[in-house]
Structure formats: structure tokens, C-alpha cells
Amino acid sequence: MAAAPQVRYRRVAAELQRLRKEQGKSATEVVAGVPGLNLVKLSRYENAAVQLKPDVVKALLDYYECEETLAEVLVESLRAPHRTGWVAGFEQQLNPLYTDLIRLEEMAVGQKAYEASFIPGLLQTRQYAHAIISSAVIKPASIEERVDVRINRQSVLTRAEAPLQLWAVIHESALSMAAAPGVMADQLEKLLAYSNMPNVNIQILPAVAPPHPGMNGAFALLEFPQRDLDLVLLSGMLTSNWVEEPSQVDLFRGAFNEIMATALDLEQSHTLIKEKRDQLK
């Protein structure tokens with residue numbers, strides 16, 4: 001069974017440390033009060049230096065009298081999701097951060113994404129994904145595998161139980177990528193189909209939009225049952241990073257709201273996507 005994402009370990013570890021300090025407990029007191037712990041193990045748990053076992057974390061949360069809903073979310077986030085078993089076969093080929101993203105999307109209840117240059121991965125057709133990935137991957141043999149991963153990711157939007165609630169804002173320029181015949185027309189058709197799903201909202205940021213926070217780059221905000229556990233993924237050409245501090249995540253939440261307000265509304269966006277699709281037919 002695959003482990004929970006490392007970024008999630010860090011968040012749970014930070015919560016354990018915060019709760020202990022909030023309770024005014026010393027490490028020695030905690031070790032004396034929770035069976036099976038010693039000072040070294042507690043330190044490793046609070047610093048995410050070892051794999052965090054759900055039963056140990058639960059024992060610590062009970063000792064700290066953690067609020068029940070938060071405790072449930074923290075413990076559950078450490079249990080590897082059953083739906084992502086398919087990822088295991090690709091882990092050696094994937095950036096660990098991308099693997100984290102896939103597993104966290106399975107745990108998340110919502111995602112707010114801004115993309116400036118291309119259609120978000122959760123909304124791509126296979127042909128469009130192939131065009132994007134083949135332009136960036138150095139080893140041709142891995143292209144089809146990476147395309148498979150991207151398409152499999154999209155199951156979070158159609159899963160029977162609590163499908164991911166996606167709100168995507170896409171810059172208008174991403175609707176006009178030059179590609180092989182039919183690729184963009186099919187991609188825009190798929191965007192229209194997705195926009196009709198109850199759990200997917202798509203807005204287009206027009207090319208003539210005034211200055212906005214999205215000019216700093218693309219990002220995705222993952223939302224969980226407990227708001228303090230929300231995360232932001234910043235994607236770059238050479239490096240990508242997680243933003244984990246709740247106050248910083250809230251800055252991106254506010255930035256996304258500004259981007260939404262600057263973009264065309266849902267109906268106008270749907271109309272523009274239709275127009276772009278019709279131009280390609």
C-alpha cells in the first residue's frame with residue numbers, strides 16, 4: 001500500500017507539535033502519557049522524520065483532546081487512498097511532487113486552479129495531453145505513460161462518491177494553442193462538456209483583462225474538509241513547490257477570488273469557448 005504524500009506528513013506533524021504546545025505539555029509528559037512512545041519517536045513524529053502511523057497519531061490526538069472532526073481528517077489523511085493504486089506503477093517515472101499532487105487530489109474535496117498557458121490537466125483530452133507532454137519530456141519512451149497518468153487523474157471528477165469540486169480559471173490565450181488538426185477543437189469540445197457537470201466550473205480570463213494576481217503565475221489550491229489543511233501548488237518550469245502555511249494559503253485564496261472577479265462569468269466563458277471551437281471547425 002502506498003504511503004501518504006510527504007507534504008501531508010509535514011502538515012500532520014506540524015499539527016501534532018502545535019497541539020502539544022497549545023496544551024502546555026512537555027515532550028516528557030507526552031511520552032509518559034501515551035503508551036509506546038519515547039522521546040526520540042515523539043521528536044521524529046513532530047518533525048515528520050519517519051512514516052506517521054495512523055494509530056500512533058490517533059493516540060496522540062486523543063491525549064491532546066483534539067477536536068473530533070480535525071482528528072478524523074488528520075488520521076484519515078495518513079491512510080493511503082484505495083483509488084490511487086494505479087499510481088504505484090508509475091512512481092519511478094514521476095516527480096515525487098506530482099505523485100503527491102495525485103494522492104492529495106484523491107483526498108481533497110475541492111480544487112481552485114488558475115492556468116495561464118494551457119488547459120488544466122484535469123480537463124485535458126488525451127491528444128491535447130500528448131501534445132503538451134511530448135513538448136516537455138526528454139525521454140520519448142515515457143510520454144505515453146505520462147499521458148496515461150494525466151488521464152487517470154481525471155477520475156476524481158467523475159468518481160461516484162463525493163467527486164472533486166473543481167473551479168478553473170483559464171487565460172484566453174490557452175484556448176488558441178497551435179496543434180495538430182482537430183486537437184484544439186476536440187479539447188474545446190471537452191471543456192464545454194466538463195462545464196456542464198455540476199461539480200465543474202470554468203471561467204475564461206480575457207486577453208484584454210486588467211492587471212490581476214494571476215500575472216504572478218499558475219497555481220492550484222487544494223481544499224480539504226478542514227480549511228487549515230488546505231494547500232497550494234506553485235508550478236514552474238524547473239521547480240514546483242507546496243505552500244503549506246495557512247496564512248499564506250489564504251493569500252492565494254484571496255488572489256483566486258480576485259482572478260475570478262476579473263474573468264468572464266460562467267455563461268460568458270461558455271459562449272467564448274463555443275466561439276473558439278466553432279472557429280476551428
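Numbers here simply count residues along the sequence, with the first being 1. Just so we're clear, the structure is a prediction, and the values are computed from it rather than from any experiment.
The residue from Glu29, Glu46, Glu15 that alone fulfils the salt bridge (Lys or Arg N to Asp or Glu O under 4.0 Å) condition with Arg20 is Glu46.
The two residues Leu280 and Ala185 come nearest to each other via the heavy atoms CD1-N, 3.7 Å. The two residues Thr262 and Pro206 have their closest heavy-atom pair at O-CD, 4.3 Å. Across every non-hydrogen atom of Tyr64 and Leu42, the tightest pair is OH-CD1, 4.4 Å. Nearest approach of Val243 to Val249, heavy atoms of both residues: O-CG2, 3.5 Å. The nearest pair of heavy atoms linking Glu258 to Pro213 is OE1-CG, 3.6 Å. Ala168 approaches Pro120 most closely through the heavy-atom pair CB-CG, 4.3 Å.
Distance check: Leu61 CG to Glu72 CD gives 11.0 Å after rounding to the nearest 0.5 Å. With values rounded to the nearest 0.5 angstrom, Gln23 atom CD is found 6.0 Å from Glu65 atom CD. Atoms CZ and CG, on Arg44 and Leu52 in that order, are 12.5 Å from each other to the nearest 0.5 Å. The line from CD of Glu145 to CD1 of Ile143 is 11.0 Å long, rounded to the nearest 0.5 Å. Separating the CD1 atom in Ile102 from the OG atom in Ser155 is a distance of 10.0 Å, to the nearest 0.5 Å. Here the CD1 atom belonging to Ile259 is positioned 12.5 Å from the CD1 atom belonging to Ile170, to the nearest 0.5 angstrom.
Using a cut-off of 4.0 Å between Lys/Arg side-chain N and Asp/Glu carboxylate O, Arg227 and Asp230 are scored as not salt-bridged. The residues Asp62 and Lys58 are annotated as salt-bridged, a charged nitrogen and a carboxylate oxygen being separated by less than 4.0 angstrom. A salt bridge does not link Arg103 to Glu106: none of the charged nitrogens lies less than 4.0 Å from a carboxylate oxygen.
A 4.5 Å side-chain heavy-atom check between Thr158 and Pro163 finds every atom pair outside the cut-off. Two residues are said to be in side-chain contact when any heavy atoms from C-beta on lie closer than 4.5 Å; Lys276 and Ser176 meet this criterion. Residues Leu175 and Ile119 form a side-chain contact, since some pair of their non-hydrogen atoms from C-beta on lies under 4.5 Å apart. A heavy-atom distance below 4.5 Å is found between the side chains of Ile202 and Leu123. Side-chain contact check for Arg277 versus Leu191: every heavy-atom pair is 4.5 Å or farther apart. In this structure, Gln203 and Trp167 have side chains that are in contact, with non-hydrogen atoms separated by less than 4.5 Å. Contact annotation: the side chain of Arg153 approaches that of Leu101 to within less than 4.5 Å [non-hydrogen atoms, C-beta and beyond]. Put simply, the side chain of Met107 reaches to within 4.5 Å of the side chain of Leu104, judged on heavy atoms.
Residues Val34 and Val50 fall within the same hydrophobic cluster, defined by Ile, Leu, Val, Met, Phe, Trp and Tyr side chains chained together at heavy-atom separations under 4.5 Å. Clustering ILVMFWY residues whenever any of their side-chain heavy atoms sit less than 4.5 angstrom apart, transitively, puts Met197 in the very cluster that holds Leu192. Transitive grouping of hydrophobic side chains (ILVMFWY, heavy atoms separated by less than 4.5 Å) brings Leu205 and Leu266 into a common cluster. Cluster annotation: Phe256 and Leu251 are assigned to distinct hydrophobic clusters (Ile/Leu/Val/Met/Phe/Trp/Tyr, side-chain heavy-atom contacts under 4.5 Å, transitive). Both Val30 and Leu39 are members of a single hydrophobic cluster when ILVMFWY side chains are connected at heavy-atom separations under 4.5 Å.
Between the side chain of Lys190 and the backbone N or O of Gln124, at least one donor-acceptor pair lies under 3.5 Å. At least one donor-acceptor pair under 3.5 Å links the side chain of Glu172 to the backbone N or O of Ala207. Of the possible donor and acceptor atoms, one in the side chain of Ser173 sits under 3.5 Å from a partner among the backbone N and O of Ala116. Judged by distance alone, with hydrogens and angles left aside, the side-chain atoms of Glu105 form no donor-acceptor pair with the main-chain N or O of Leu122 at under 3.5 Å. Panel note: side chain Asn47, backbone Ala49; no donor-acceptor pair is recorded below 3.5 Å. Checked by atom type and distance alone, the side chain of Ser269 pairs as donor or acceptor with a backbone atom of Leu264 at under 3.5 Å. The closest donor-acceptor contact from the side chain of Ser134 to the backbone of Ala131 lies under 3.5 Å. The backbone N or O of Leu164 lies less than 3.5 Å from a partner atom in the side chain of Asn199, making a donor-acceptor pair. Of the possible polar contacts, one joining the Gln154 side chain to the Gly121 backbone as a donor-acceptor pair under 3.5 Å is found. Glu67 places a side-chain N or O within 3.5 Å of a backbone atom of Leu70 that can act as its donor or acceptor partner.
For the residue pair Glu223 / Gln111, no side-chain donor-acceptor distance below 3.5 Å is found, with atom types taken as modelled. Between the side chains of Gln51 and Tyr45, no donor-acceptor pair is found at a separation under 3.5 Å.
Heavy-atom contacts from other residues, nucleotides or ligands closer than 6.0 Å to NZ of Lys41 number more than 12.
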Checklist line | Test side chain to side chain donor-acceptor pair (under 3.5 Å) applied to Tyr194 and Glu189, step by step | finding: CA-CA 9 Å; Tyr194 268 124; Glu189 189 70 49; over 6 Å; no
Note to self: Quick one, Asn196 with His270, criterion side-chain contact (heavy atoms from CB on, under 4.5 Å). Give me CA distance, side-chain angles, the key distance, then yes/no.
What the structure shows: CA-CA 9 Å; Asn196 288 324; His270 195 271; 3.9 Å; yes
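Using cut-offs of 30° and 60° on the angle between ring planes, the pair Tyr114 and Phe219 is tilted.
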